[in-house]
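Structure record follows, encoded as structure tokens.
Lettering of chains follows the sequences in order, A, B, ..., and the numbering in each one begins at 1.
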2 protein chains.
Amino acid sequence: MDASQAKQPSLSEPRTQSQDSRDEILKAAMGLFANRGFHETSMSEVAREARVSKALIFWHFKTKEELFVAVLNRLLEPYFIDFAEEAAMDERAQIEKLVESYLSFVRDNASSVRFFLAQMLHDQRLSEGLNDQVLKLYSGYRAMLVELIARAQQKGICTRRPAPESAAAFLLSALNGLLIEYLFMGANSVDPEGAVAMVGEWLFGGSPAAPPSENGGTPAA
Amino acid sequence: MDASQAKQPSLSEPRTQSQDSRDEILKAAMGLFANRGFHETSMSEVAREARVSKALIFWHFKTKEELFVAVLNRLLEPYFIDFAEEAAMDERAQIEKLVESYLSFVRDNASSVRFFLAQMLHDQRLSEGLNDQVLKLYSGYRAMLVELIARAQQKGICTRRPAPESAAAFLLSALNGLLIEYLFMGANSVDPEGAVAMVGEWLFGGSPAAPPSENGGTPAA
DNA sequence: GTTGCCATTGACCGAAAGGTTAGCCGAATT
DNA sequence: AATTCGGCTAACCTTTCGGTCAATGGCAAC
């Protein structure tokens, strides 16, 4: 009944018939909602797509909205970025890896990222839970960045003076900007490697080349 | 009839009764579409809001879609950033001014920016024209940035090595990131001055503080 | 076998959607 | 005075919407 608490068949539960149809419905609704939106998707369509009677949907989910948030939650499940915080790497490499993760994540989940973004922009009421969860993800990511940058600054690896919080915020903004650019312009316009390099160069000195300070800096004048 | 070609009363045209009602309808539709979206706004609502019969709307606009694109175009009209390219300023100041313009533009037009973004993300078909126009604006802005950065690099003011195009692209991404951060977190989380400072420091040396490179361009050491 | 519950359905409902139609009104043209 | 025509409306039409309900098949417990 409770949408936010979809029971997962933890251990060899016999997986009732009902769960099957529920899944079928969720799957169908997911597809339809994701690329047509909430208001443009009718329950009859969902029913047809799931090869189930419309009444059954209302047996599983009290209202259309309830179905929708169930779909949101299910879509959100795989949403986390695994920060393989390999201790072997220095802070710079870790930060670059983090940036890379973000970008490849966006690339891999482009369509649902797009959907979520549109949904959050459009219908704040319907997607409160979504908002919260995305925010949580987001601030987790930000926290990691802040800490990494702080460590880098302490170690003296990092040339940038601003507070780690500010640097992280700006960096995140840049990433989000790349995200929307990607959503609108497609893959060809955004190259992750370039972005990573740019970030590296920004936070630390010139990327593969000379150290940041006095002489090394500017090659071609 | 043609929505993209709304006749403006260029010179003291007597402003017929019909134009008045058309305007009233557009105004009402603008408000409703903007903060409820296309599919969640009904023609009856528009009619009520404009204090006009529903049939009249269909007399002015063949379909709901036509009304919508007319609204889009009208909303888009005031959309341009005036780049007061004051020759007196050096490139750094100009760039910073450009960044500032962008941010204050977003701040001033937050709600319709949000609407446009949601619309473009959600319903690409309905907003093709919108897409084009925004893209035009966008690439104009980018071009200005590219040129300014190029000039700054030639003059040696600018420490950054990457191609002006890359730098501008990254900078624009950062701005877009700030935009979406602003849309989601509200005004308190984004401070334009900080962003401008960060940009300045990124492209040129540390702004009021220690310069990273030699000694040339940057003032206070 | 019957009872009772779970899962499922087709038929149905009122409301509201986008859109149409026939006709009214008032001012200009003849 | 009669005609025309742009602006406008009430009433209507069709379709589809989210949602309900009475009824049913299957299946485990008794």
query = Rounded to the Å, how far apart are W59(B) CH2 and dC24(C) P?
reply = 19 Å
query = Can you pull the salt bridge (Lys or Arg N to Asp or Glu O under 4.0 Å) pairs that have at least one residue in residues 45-60 of chain A, sequence neighbours excluded?
reply = R36(A)-E45(A)
Separation of dG18(D) C1' from H60(A) NE2 (nearest whole Å) = 18 Å
Using the 3.5 Å cut-off, write out each protein N or O paired with an N or O of nucleotides 19-21 of chain C and the distance between them.
{"unit_1": "dG19(C)", "atom_1": "OP2", "unit_2": "K64(B)", "atom_2": "N", "d": "2.9"}
{"unit_1": "dG19(C)", "atom_1": "N7", "unit_2": "K54(B)", "atom_2": "NZ", "d": "3.3"}
{"unit_1": "dG19(C)", "atom_1": "O6", "unit_2": "K54(B)", "atom_2": "NZ", "d": "2.5"}

query = What is the distance from CD1 of I57(A) to C1' of dA7(C), rounded to the nearest Å?
reply = 14 Å
query = Rounding to a whole Å, what distance do you find between L67(B):CG and dA17(C):C1'?
reply = 15 Å
task = Inspect the surroundings of NZ in K64(B) and state if more than 12 heavy atoms from other residues, nucleotides or ligands are less than 6.0 Å away.
result = yes
key: side-chain contact (heavy atoms from CB on, under 4.5 Å), paired with L148(A), selected from K97(A), Q153(A), R92(A), E91(A)   = E91(A)
message = Applying a 4.0 Å non-hydrogen cut-off, can you work out what S42(B) is touching in the nucleic acid: base, sugar-phosphate, or nothing?
response = sugar-phosphate
Carboxylate-amine/guanidinium contact R142(B) E147(B), below 4.0 Å = no
query = Tell me: NE2 of H39(B) to P of dT16(D), nearest whole Å?
reply = 16 Å
key: Contacts of type ring pair (Phe, Tyr, Trp, His ring centres under 6.0 Å), residue F38(A), not counting sequence neighbours   = F33(A), F68(A)
note = Judged by nearest nucleotide, the residue sitting upstream toward the 5' end of DNA chain D, E45(A) or L56(B), is L56(B)
Phosphate OP1/OP2 of dG7(D) contacted by S21(B) side-chain N/O (<4.0 Å) = no
task = Round to the nearest Å and state the distance from F61(A) atom CZ to dT8(C) atom P.
result = 12 Å
message = Using whole Å, what does the distance between atom P of nucleotide dT20(D) and atom CD of E66(A) come to?
response = 12 Å
inquiry  = Tell me the closest heavy-atom pair linking F115(B) and A34(B), and the distance in Å.
reply    = CD1-O, 3.5 Å
